[in-house]
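Remarks on the structure that follows.
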Amino acid sequence: MSNSKRQITSQGASPAFEQVKPGSNAGTADLLIAGQPSQSPMFDAALMEEICQRSNLLPALKRVMQNQGAPGVDGMTVEELPNYLKAHWLDIKERLLHGVYRPQPVRKVAIPKLNGMGVRQLCIPTVLDRLIQQATLQVLQAKWDRSFSEHSYGFRPRRSAHQAVAQAQSYLKAGYEWVVDLDLEKFFDRVNHDRLLSVLAQRISDARVLQLIRAYLKAGVLENGLVSPRHEGAAQGGPLSPFLSNVVLDELDKELERRGHQFVRYGDDCNIYVCSQRAGERVMASISRFITHRLKLKINQSKSAVARPHERKFLGFSFTASGGLHRRKVANEAIRRFKQRVRQLTRRTRSVNWQERIAELSQYLRGWKAYFEFAETIRQFKDLDSWIRRRLRCALWKQWKTYRRRKRELIALGVPPLLAHTTAWSNKGPWRICHTPGVQLALSNDYFNRQGLPKLND
DNA sequence: TGGCCTAATTG
RNA sequence: AGACAAUUAGGCCA
């Protein structure tokens with residue numbers, strides 16, 4: 001599968017980039033991976049160009065340049081970027097080939113967390129470094145991914161959170177009805193550089209690649225004008241980071257496999273399924289030891305636990321408690337976040353018209369549904385649907401305000417005049433009015449379907 | 001069928 | 001508001 005991609009790469013090389021490297025055609029295997037030498041044209045111009053042309057990268061570049069400019073490649077527009085690379089690629093490539101390329105410092109940004117109070121630190125590399133990292137990722141991942149554990153699902157091609165949840169569910173159904181939920185504390189910030197590099201060195205023979213990754217790990221951090229060095233942690237935000245986290249935690253996978261555990265891992269979220277609480281506590285104790293001593297990582301005691309699956313959430317899902325059926329359901333936290341978001345989207349204070357509000361809500365619902373449809377509890381979706389619709393009726397009712405307007409709108413929506421009158425005349429609160437026949441007739445489910453509002457449950 | 005864009009979720 | 005990867009859904013174009 002990586003073969004076909006590679007062929008496309010070399011065929012798709014544009015004339016401009018071919019000219020840049022006239023003498024080095026034979027040396028496409030610039031960087032070698034142990035075991036499969038000369039098959040990997042890693043940092044040749046064609047690959048680089050392919051990356052530049054990848055359209056999913058361009059919006060990111062655009063944003064970076066519009067917002068803060070790009071450190072290291074300043075004053076450049078998106079259109080100029082390919083030209084910049086064309087002009088400087090020879091030079092950059094030269095440095096890459098000699099293992100002396102040094103990345104620019106990463107820009108540090110703090111973003112507020114969605115649910116909690118805390119902030120998350122991101123380290124954003126320059127445009128050029130992002131491209132190089134992405135190239136590195138693509139090549140390394142193609143070689144490495146096959147050897148990762150079957151139980152690891154995060155950040156890997158053709159693997160999804162859904163598959164991970166399904167795997168967990170199959171353990172439950174097989175009778176492993178206790179879960180050891182492990183949460184690693186500030187995982188990205190604590191990765192030990194030497195450890196990571198030595199693991200990489202077992203598979204990568206080319207010192208230049210190791211040198212490059214090392215340079216990315218050690219890249220300085222630009223914080224209010226000052227550059228400070230870094231000694232641990234992978235820059236969270238760089239394209240390479242998710243992959244590196246898998247490399248580190250692959251050791252954990254292999255150990256769990258060696259011990260014959262039933263487990264699922266997605267990023268730093270690891271669940272082990274066992275048959276009893278006692279077994280769970282035993283596993284928790286010994287794996288904690290392994291993680292702290294061998295991997296030199298910390299586990300977050302407050303977020304880790306041995307419990308029954310319905311008490312825990314995994315990737316936004318949980319499981320039903322009753323009767324050992326273990327159906328997938330939407331976790332309470334996810335429901336809470338959903339309602340919060342819908343409330344915000346339907347709030348009247350935002351000055352957009354009704355159509356627009358429906359459209360905005362629709363796209364949120366569609367996306368949410370695409371992920372959570374995987375749950376097997378129809379009730380949850382029905383409840384949410386009616387909750388949403390009631391909320392919308394309520395919002396519209398409030399928007400109409402006066403008796404005159406309310407009656408007129410109701411009639412326009414096909415309510416008989418007498419009913420429209422009594423409904424509009426009533427002075428009950430909006431939340432109660434929306435349960436009366438008058439409003440339900442006017443703003444029926446059918447009405448919302450016609451407006452293009454998707455149903456979570458269908 | 002393939003390409004491009006938008007949106008949502010997970011970590 | 002803004003980084004990354006994967007996955008889905010929707011749209012557009014040939």
Side-chain angles (χ1 to χ4, degrees), chain A residues 4 8 12 53-71 106-115 119-127 129-131 133-134 136-138 140-141 145 148 152-166 168 182-188 216 221 234-247 249 264-271 300 303 313-317 330-331 333-335 337-338 341-342 345 359-375 452 454-456 458:
Chain A
S4 60
I8 292 165
Q53 287 182 341
R54 283 178 72 102
S55 64
N56 60 356
L57 210 58
L58 284 176
L61 297 179
K62 198 176 237 163
R63 269 197 301 277
V64 169
M65 302 202 169
Q66 278 172 353
N67 293 350
Q68 1 253 322
V106 292
R107 188 167 38 89
K108 197 168 191 174
V109 240
I111 62 166
K113 273 187 185 163
L114 286 107
N115 26 358
V119 287
R120 211 152 38 110
Q121 300 286 348
L122 290 186
C123 296
I124 304 171
T126 65
V127 177
D129 288 318
R130 228 180 285 180
L131 292 174
Q133 278 196 46
Q134 180 147 14
T136 315
L137 170 69
Q138 286 176 352
L140 288 185
Q141 184 161 258
D145 193 74
F148 281 149
S152 155
Y153 289 90
F155 316 118
R156 294 182 56 188
R158 290 178 302 281
R159 285 176 169 246
S160 68
H162 288 165
Q163 291 169 345
V165 173
L182 291 171
D183 186 277
L184 299 179
E185 194 172 292
K186 297 204 196 90
F187 170 72
F188 277 100
Y216 276 124
V221 179
Q236 184 167 185
L240 216 40
S241 304
F243 172 75
L244 293 180
S245 81
N246 271 338
V247 170
L249 292 178
V264 193
R265 188 173 67 77
Y266 192 105
D268 59 355
D269 207 345
C270 185
N271 281 6
N300 189 335
K303 284 192 193 162
K313 73 173 175 71
F314 181 52
L315 306 177
F317 291 95
V330 184
E333 286 91 335
I335 298 267
R337 275 209 303 276
F338 173 82
R341 186 74 203 278
V342 171
L345 283 174
E360 256 180 282
L361 183 60
S362 295
Q363 74 186 14
Y364 176 66
L365 292 181
R366 237 195 307 283
W368 196 87
K369 182 184 169 190
Y371 184 77
F372 283 107
E373 210 175 20
F374 194 56
K455 276 219 283 259
L456 297 178
D458 54 300

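We name chains A, B, ... by the order of the sequence lines, and we start the count at 1 in each one. Keep in mind the model is a prediction, meaning the values are calculated, not measured.
Across all strands shown, G238(A) has heavy atoms under 4.0 Å from sugar-phosphate atoms exclusively, and none from any base. Among the atoms of the strands shown, none is found under 4.0 Å from any heavy atom of G267(A). Across all strands, A359(A) comes closer than 4.0 Å to no nucleic acid atom at all (heavy-atom distances).
Side-chain N/O atoms of R130(A) include none lying less than 4.0 angstrom from OP1 or OP2 on A3(C). Distances shown here put every side-chain N or O of Q163(A) at or beyond 4.0 Å from the OP1 or OP2 atom of A6(C). An OP1 or OP2 oxygen of dT10(B) is reached within less than 4.0 angstrom by a side-chain nitrogen or oxygen of R337(A). Between Y364(A) and the phosphate of dT9(B), there is a side-chain N or O to OP1/OP2 separation shorter than 4.0 Å.
Rounded to whole Å, atom P of dT9(B) lies 18 Å from atom CZ of F314(A). Atom pair N246(A):CG and C4(C):P shows a separation of 18 Å (rounding to whole Å applied). Taking atom CD on E360(A) and atom P on dA8(B), their separation rounds to 10 Å, with Å as the unit. Between the CG atom of D269(A) and the P atom of U7(C) there is a distance of 19 Å, rounded to whole Å. A6(C) atom P lies 6 Å from atom CD of Q141(A), rounded to whole Å. In this structure, D268(A) atom CG and A6(C) atom C1' are separated by 15 Å, rounded to whole Å. Protein atom CG of L184(A) is 19 Å distant from nucleotide atom P of dT10(B), rounded to whole Å. Across the protein-nucleic acid pair, D129(A) atom CG and A3(C) atom P stand 17 Å apart, rounded to whole Å.
Q133(A) places a side-chain N or O within 3.5 Å of a backbone atom of L240(A) that can act as its donor or acceptor partner. Between the side chain of R156(A) and the backbone N or O of D145(A), at least one donor-acceptor pair lies under 3.5 Å.
Remark: E373(A) pairs with K369(A) by the salt bridge (Lys or Arg N to Asp or Glu O under 4.0 Å) rule, at least two apart or across chains.
The only member of V264(A), L315(A), D269(A) that meets side-chain contact (heavy atoms from CB on, under 4.5 Å) when paired with Y153(A) is V264(A).
The side chain of P239(A) lies closest to C4(C) when the candidates are G2(C), C4(C), A9(C). Side-chain atoms of L122(A) lie closest to A3(C) of the nucleotides U8(C), A3(C), A5(C). When distances run from any side-chain atom of L137(A) to the nucleotides dA8(B), A5(C), dT10(B), the shortest one goes to A5(C). Among the nucleotides dT10(B), A3(C), A9(C), the one closest to the side chain of Y266(A) is dT10(B). Among the nucleotides dT9(B), dT10(B), C4(C), the one closest to the side chain of L315(A) is dT10(B).
Contact annotation: the side chain of F338(A) never approaches that of F372(A) to less than 4.5 Å [non-hydrogen atoms, C-beta and beyond].
When each of G237(A) and A370(A) is assigned the nucleotide of RNA chain C bearing its nearest heavy atom, the one mapping closer to the 5' terminus is G237(A).
No donor-acceptor contact under 3.5 angstrom links the side chains of R265(A) and N271(A), judged on distance only.
Judged by distance alone with a 3.5 Å cut-off, no donor-acceptor contact links the side chain of Y371(A) to the base of U8(C).
What you find for F314(A) and V165(A) is that their closest heavy atoms are O-CG2, 4.1 Å.
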Using nucleotides 10-12 of chain C, report all nitrogen or oxygen pairs with the protein that are shorter than 3.5 Å.
none

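Note that CG of L365(A) is 10.0 Å distant from CZ of R341(A), once rounded to the nearest 0.5 Å.
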